[in-house]
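First up is the structure itself, then whatever we jot down about it.
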Amino acid sequence: MGSLSPVEVENVKGFLRLHSDGTVIRLEPTFDIPVHDDASIHWKDVEFEPNFELSLRLYKPASSFSSTKLPVVIYFHAGGYCFGSRTWLQSHNYCLRLAKELQAVVLSPDHRLAPENRLPAAIEDGLTALKWLRSCAVREVAEKWVEDVDFERVFILGDSSGGNLAHHLAVRLGAGSPEMKPMRVGGYVLLSPFFGGTVRTRSEEMCPNDAFYNMDVNDKFWRLSLPVGANADHPLSNPFGLQSPNLESMALDPLLVVACGEDLLLDRVEEYAKKLKSWGKEVEFAKFEAKGHGFHTMDFFSKAADELMCLIKRFMAESTIRS
């Protein structure tokens, strides 16, 4: 009798199919967003982790409006830890705009994807990207595009799963990021951070089934990305789970936490910001009432995206003054 053919065991909207033999078929989702090209911003790809063949995309203004050294923004993309890349159009578009509007050098690193590489692989890769930048600061790595940046003004911006990743980096590095000296993280921007838990929140229960990012997709992302056998209260998912680190006693750098009023993650994001603030952390919370998950990359020149960019710019400026 011949062996049975592999069967499909998970399917995320047809874009990711996991088979019983471990084979993954992944397609890039297509969204109706325009190609954005900006001659005022130069960009290139650089390998930062040869062991896993991981690269980051560097963005740099062709000419700066400022006489001071440029800050650095590290942008971790969305995708539920299962999708995403520096090459995704929505990520690339947004990084072009970040570099221009913030007058910053932007790094957009890739990370290993689940389920082939389950968490904490992506978080480890995020830390490796920061260590690569530090290597540039101490001249262990020669990269001309970051030779003249201000390594004391590094900001980490995480989008959805990238926001979850940014949270874990904030906890790992602590206030002042001492292990990264002479580089210093000035603050973290978490855009609709991808948090979870086994008890449903109201915004999760109210999410329509026909939404592109719905509870079925959300649950599959956690099932595929967390360690095998773990549930959504795992510390990598739920920052307030029973086994999660005690954030109340931790010193953290300033955070800007952004939520969307029409996002299933709304309640978790709002709870995260309120709890940290009640524990004395320096947290700014902003909610875009009529917007859904990922609005800033899907419609990156909308009025709301403009308002968000102004928030990020002000947050960076105020964090620089405080430091």
Side-chain angles (χ1 to χ4, degrees), residues 12-13 15-16 26-38 40-49 52-61 72-102 104-114 117 121-123 125-126 128-130 132-133 145 154-167 169 188-194 212-213 217 221 225 258 260 263 265 291-302 304-306 308-309 312:
V12 183
K13 288 189 172 289
F15 297 123
L16 186 149
R26 184 182 283 104
L27 303 175
E28 181 173 338
T30 54
F31 299 106
D32 185 21
I33 55 177
V35 175
H36 176 52
D37 192 16
D38 193 330
S40 71
I41 303 299
H42 295 164
W43 60 270
K44 68 176 180 178
D45 293 325
V46 178
E47 187 176 66
F48 74 93
E49 172 49 283
F52 302 121
E53 299 181 341
L54 293 175
S55 293
L56 55 80
R57 185 160 286 182
L58 269 173
Y59 300 82
K60 185 177 183 180
V72 180
V73 173
I74 302 175
Y75 172 82
F76 290 110
H77 64 71
Y81 285 124
C82 297
F83 292 102
S85 163
R86 71 191 189 284
T87 66
W88 267 24
L89 184 58
Q90 59 268 41
S91 298
H92 179 67
N93 284 347
Y94 198 59
C95 286
L96 286 169
R97 188 171 189 206
L98 286 171
K100 182 171 185 176
E101 298 289 339
L102 302 177
V105 171
V106 175
L107 279 65
S108 177
D110 280 345
H111 59 69
R112 285 170 288 170
L113 298 176
N117 301 282
I123 298 166
D125 296 339
T128 299
L130 265 67
W132 176 88
L133 182 61
W145 281 28
V154 175
F155 295 87
I156 295 176
L157 193 158
D159 190 354
S160 190
S161 56
N164 177 287
L165 196 162
H167 158 77
L169 290 179
Y188 297 79
V189 179
L190 278 55
L191 305 177
S192 299
F194 179 49
F212 182 82
Y213 179 47
V217 171
F221 279 159
S225 63
V258 177
C260 299
D263 183 5
L265 294 175
K291 293 299 176 182
H293 196 78
F295 75 91
H296 52 283
T297 58
M298 301 300 290
D299 191 6
F300 55 93
F301 278 117
S302 65
D306 290 345
L308 174 58
M309 190 65 70
I312 296 170

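The figures here come from the full heavy-atom set of this structure, side chains too, leaving out hydrogens, waters and symmetry mates.
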Restricting to non-hydrogen atoms, name the atom on [X] and the atom on [Y] that form the minimum distance, rounded to 0.1 Å.
X	Y	result
Ser160	Ala78	CB-CB, 3.7 Å
Ala304	Phe295	CB-CE1, 3.6 Å
Gly163	Pro193	C-CB, 3.9 Å
His77	Ser161	O-OG, 3.7 Å
Pro61	Ala104	CD-O, 3.4 Å
Thr297	Tyr75	CG2-OH, 3.9 Å

Between [X] and [Y], is any pair of side-chain heavy atoms under 4.5 Å apart?
X	Y	value
Leu191	Leu308	yes
His296	Val258	no
Thr128	Trp132	no
Leu107	Leu58	yes
Val189	Phe155	no
Val46	Trp145	no
Leu98	Met309	yes
Trp43	Val106	no

Suppose we screen for ring-ring contact (aromatic ring centres under 6.0 Å, His included). Which residues come up paired with [X], at least two apart in sequence or across chains?
X	answer
Phe48	none
Tyr81	His111
Phe52	none
His167	Phe195, Tyr272

- Sequence neighbours excluded, every pair satisfying salt bridge (Lys or Arg N to Asp or Glu O under 4.0 Å) that has a member inside residues 154-166: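 For residues 154-166: none.
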- Message: Working to the nearest 0.5 angstrom, can you tell me the gap between Asp110 CG and Ser55 OG?
- Response: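 So the CG of Asp110 and the OG of Ser55 are separated by 7.0 Å.
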Mind checking what makes salt bridge (charged side-chain N to carboxylate O under 4.0 Å, His left out) contact with [X], not counting sequence neighbours?
X	value
Arg112	Glu124, Asp125
Glu47	none
Asp38	Lys100

Listed by chain and number, what are the side-chain hydrogen bond (donor to acceptor under 3.5 Å, both in side chains) partners of [X], not counting sequence neighbours?
X	answer
Lys13	none
Arg97	Asp306
Tyr59	His92

- Task: Please name all residues satisfying side-chain contact (heavy atoms from CB on, under 4.5 Å) with Ser192, sequence neighbours left out, ordered by chain then number.
- Result: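 Applying side-chain contact (heavy atoms from CB on, under 4.5 Å) to Ser192 gives Cys260, Asp263, His293.
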- Determine the interplanar angle of the Phe83 and Phe15 rings, folded into 0 to 90°, and report it as parallel if under 30°, tilted if 30 to 60°, perpendicular if over 60°.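 Geometry flag for Phe15 against Phe83: perpendicular rings.
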- Message: Against Tyr188, only a single residue in Ile156, Leu157, Ile74 fulfils side-chain contact (heavy atoms from CB on, under 4.5 Å); can you say which?
- Response: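 Testing Tyr188 for a side-chain contact (heavy atoms from CB on, under 4.5 Å) against Ile156, Leu157, Ile74 leaves exactly one candidate, Ile156.
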